[in-house]
Q: 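Here it is: the structure, laid out below.
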Amino acid sequence: MPTIHFIQPNGQTTSLHVKEGNSIMSVCRDHGFEEVLAECGGSALCATCHVYIDADQLALFPPPNEVEHQMLEFVASERKPTSRLSCQLTINDQCDDLKVFLPSQQI
Ligand code: FES
């Protein structure tokens with residue numbers, strides 16, 4: 001199982017072994033990271049599951065589709081080139097050592 005490092009806004013890092021096939025959003029919710037609200041439950045309709053992916057690891061995922069691209073316009077924290085909706089990111093076998101930065105605000 002890949003190990004993913006979740007970095008909270010205060011710098012605290014939590015490293016978790018996660019199952020492939022889950023979304024990063026569901027891992028955040030299951031682990032109780034309050035930074036990820038995920039109000040729509042993963043339908044790419046709320047933009048409250050915003051995360052930043054380490055810039056060197058963005059290519060581990062397909063680029064945002066048009067819906068995600070549009071929803072990223074509505075994120076509460078600064079939108080950066082590394083911004084993604086975590087509900088649209090499925091953990092795969094290449095994700096070992098992935099760094100996911102949680103934003104300070106979702107609404
Ligand atoms: S959970 Fe709503 S957009 Fe990801």
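Counting convention: from 1, in listed order, for ligands and their atoms alike. Treat the numbers as computed from the prediction; the structure is a model and nothing was measured.
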Q: Are the side chains of His5 and Asp97 in touch, meaning some heavy atoms are under 4.5 Å apart?
A: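 Yes, their side chains come closer than 4.5 Å.
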Q: For residues 50-95, which residue pairs qualify under ring pair (Phe, Tyr, Trp, His ring centres under 6.0 Å), counting only residues two or more places apart or in two chains?
A: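 Residue pairs with at least one partner in residues 50-95: His50-Tyr52.
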Q: Verify, without hydrogens or angle tests, whether Asn92 (side chain) and Leu60 (backbone) share a donor-acceptor contact under 3.5 angstrom.
A: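 Checked: pair present.
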Q: Within the distance-only criterion (no hydrogens, no angle test), does the side chain of Gln57 pair as donor or acceptor with the backbone N or O of Lys99 below 3.5 angstrom?
A: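 Yes; judged by distance alone, with no hydrogens or angles, the pair exists.
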Q: Taking atom 4 (Fe) of ligand 1 as the center, what protein N, O or S atoms are found at less than 2.8 Å?
A: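 Listed by chain and number: Cys49 SG, Cys87 SG.
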Q: Under 3.5 Å, is there a donor on one side chain and an acceptor on the other for His17 and Thr3?
A: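 The answer is yes; a qualifying pair exists.
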Q: Do Glu35 and Gln8 have side-chain atoms, one donor and one acceptor, less than 3.5 Å apart?
A: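 Looking only at side-chain atoms, Gln8 and Glu35 do form a donor-acceptor pair, the distance falling under 3.5 Å.
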